[in-house]
Amino acid sequence: MHQTLRGYGLYAVLILLLSTPFFYFLIQKLHLDDVDEGLVLRADEFKMHILPGLNASEIDQWNRFNRDMKILKEPVIKGDSLSFQFYYDSLITELEPYRVLLSPVKIGNLPYTLSVKNDLIESEDLIMSLALLYSGLLVVLLAGLFYITKYYSNRLWLPFYNTLDSIEQYEIDKTHKPDLPDPAIEEFSRLNQSVQNLIDRSKVTYENQQEFIENAAHELQTPLAVLHAKLDSFLQLPDLTASQLAALSPLYDLLARLNRLNKNLLLLSKIDHQSYHTAERFDLALVVEKTIDFFEDQATEKNIRFEHVKLESHWVVYNMALVEILVSNLLLNALTHNREYGVIHIELKGSTLIISNTGATSTVLAADKLFQRFAKTGNASKGNGLGLAIVKKITDLYGWKIGYSFEDGLHCFKVRF
C-alpha cells in the first residue's frame, strides 16, 4: 500500500507542478480579457451617454472628479489601443499595474483622447494565490488518496493477510494444517489453492522422510546388535594375536559409533513425531547431578575435572527422559571437544543451566553452525555429530532458549528452561 501511495503522490505532485504555469497564464488571460471587455464597455457608455452633452470647458472639471477615466489633449490617436501601464498609488505608496484603453473622441469638433484604466491583479499576488490553492489541493488530494487506498486495500488484501498469517503460524512437524479461506478474488483463490497443494506435498514428503528414518533405524538395530555380539565373541577367542586385536579395535569403536548414530536418528524421529507426551515433576538439579556421576569415569580417563559445580534445586514439569538426554548431550559435547587436563564448569541457578568447558581450540566457534547436524565449526577435524542438534530439537520442542558464548577462555552453553 505504501508503495502505491508513493506512486500516487509523486504523480499528483508532478501533474500539479506541470499544470501550474498553464493555469497561471490561463487565469491571467481570462482576467485580462474580462478587464479589456469592461474597458471597452465603459468607453462605449461614455461615448453614447456622456460625450454628446460634454463641452470643452467641462473637461477639467470632468478630469477632476473621475479617477479612472480622463479626457486628454495628448496624444492624438486615430484608433483604439490597449496597453499595460504602471501608476503610483498614494494610498499604498507603490506602483500598481493597470490596463489602459485609449480611444479617440471629438469634443466641439476638436480631437481628444479618452483614457480609461482599470487596475490588474499583481503577478506576485496571483502566484501566491495559486501556490496556496495548489498546496491546499495537494494536501486534500493526498489525504483523500491515502484514506481511500487504505480503506480499499484493507478490504481487498484481507484474504492475502489471512493466508500470510496462516502460513507464518504453520509448522510442518505439527499435525494441524493451516485453514486457508476461499476468497471471492480469483487471484487470491488461486494463491490459496497453490499454497494448499504445496503444503500437502511438503507434508507427505516430510512424513515419508520421517517414516523412512524411523524404519531404517529400527531395521538397523537388529543387524548392529548381531554384529556387536559376534564381534564380542570374536574378541574373546583365546588364540587372537596382538596384531589381530589391534586391527579389530577400530572396528569395535566404529560399531559403537554406528550404534549411537542409529539411536540418535531414531530419537530425532520420535521428537519430530512428538512421541514424548508424558510429563512429570522432578528436581532438575538431581538430573544434572546424576548425569555428572555417569560421566565421571570418562572425564577421569581424559584427565578432565569437573570444577565449580553449583547446583540449586529447581523443580520443573517436563518429560524427564528428554531432559536427561539434553543434559547428557551437553556434557558429552563438553567432554568430547575438550583438551587433556581440561576443566568443565556446571552451574544451575534458577531456571538457567550453564555448562562451560575448555576446548581443543581457544577461539570463538561459529554459533550459527553449532546446532546443525554433522556441521564442523572452527578448525575441528570432526563435526558435531547429532548431539547438539538433538539438544536444539528438544529446546525448540519446549520453547526453551539455548545460546553459545566464549567467555574467559571457556566455551559456554546456556539453557533457559
Enclosure of [X] [atom1] (heavy-atom neighbours >12, cutoff 6.0 Å):
{"X": "Lys70", "atom1": "NZ", "result": "yes"}
{"X": "Glu168", "atom1": "CD", "result": "yes"}
{"X": "Lys73", "atom1": "NZ", "result": "no"}
{"X": "Asn197", "atom1": "CG", "result": "yes"}

* **Axial cation check for Tyr87 ring with Lys117, 6.0 Å and 45° limits** =>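 Here Lys117 passes the 6.0 Å and 45° test against Tyr87.
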Kindly indicate whether the side chain of [X], heavy atoms from C-beta on, has any atom under 4.5 Å from the side chain of [Y].
{"X": "Tyr398", "Y": "Leu322", "answer": "yes"}
{"X": "Phe417", "Y": "Thr352", "answer": "no"}
{"X": "Ile402", "Y": "Lys414", "answer": "no"}
{"X": "Ile304", "Y": "Tyr341", "answer": "no"}
{"X": "Asp68", "Y": "Arg42", "answer": "yes"}
{"X": "His314", "Y": "Phe282", "answer": "no"}
{"X": "Val343", "Y": "Phe306", "answer": "no"}
{"X": "Thr113", "Y": "Val105", "answer": "no"}

Any donor-acceptor pair under 3.5 Å from [X] side chain to [Y] backbone:
{"X": "Ser166", "Y": "Asn162", "result": "yes"}
{"X": "Tyr404", "Y": "Leu365", "result": "yes"}
{"X": "Asn319", "Y": "Ala321", "result": "yes"}
{"X": "Asn333", "Y": "Asn329", "result": "no"}

* To do: Assess the pair Tyr98 and Phe84: is the distance between their ring centroids shorter than 6.0 Å?
  =>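 No, the ring centres sit 6.0 Å or more apart.
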* **SB check Lys349 Glu347 (cutoff 4.0 Å)** => no
* Asked: Picking from Leu39, Leu102, Val35, Leu32, what satisfies side chain to side chain contact (heavy atoms under 4.5 Å, CB included) with Leu82?
  -> Leu39
* Asked: Leu331 and side chain to side chain contact (heavy atoms under 4.5 Å, CB included): which partner among Asn357, Ile355, Val288?
  ->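 Exactly one option meets the side chain to side chain contact (heavy atoms under 4.5 Å, CB included) with Leu331, and it is Ile355.
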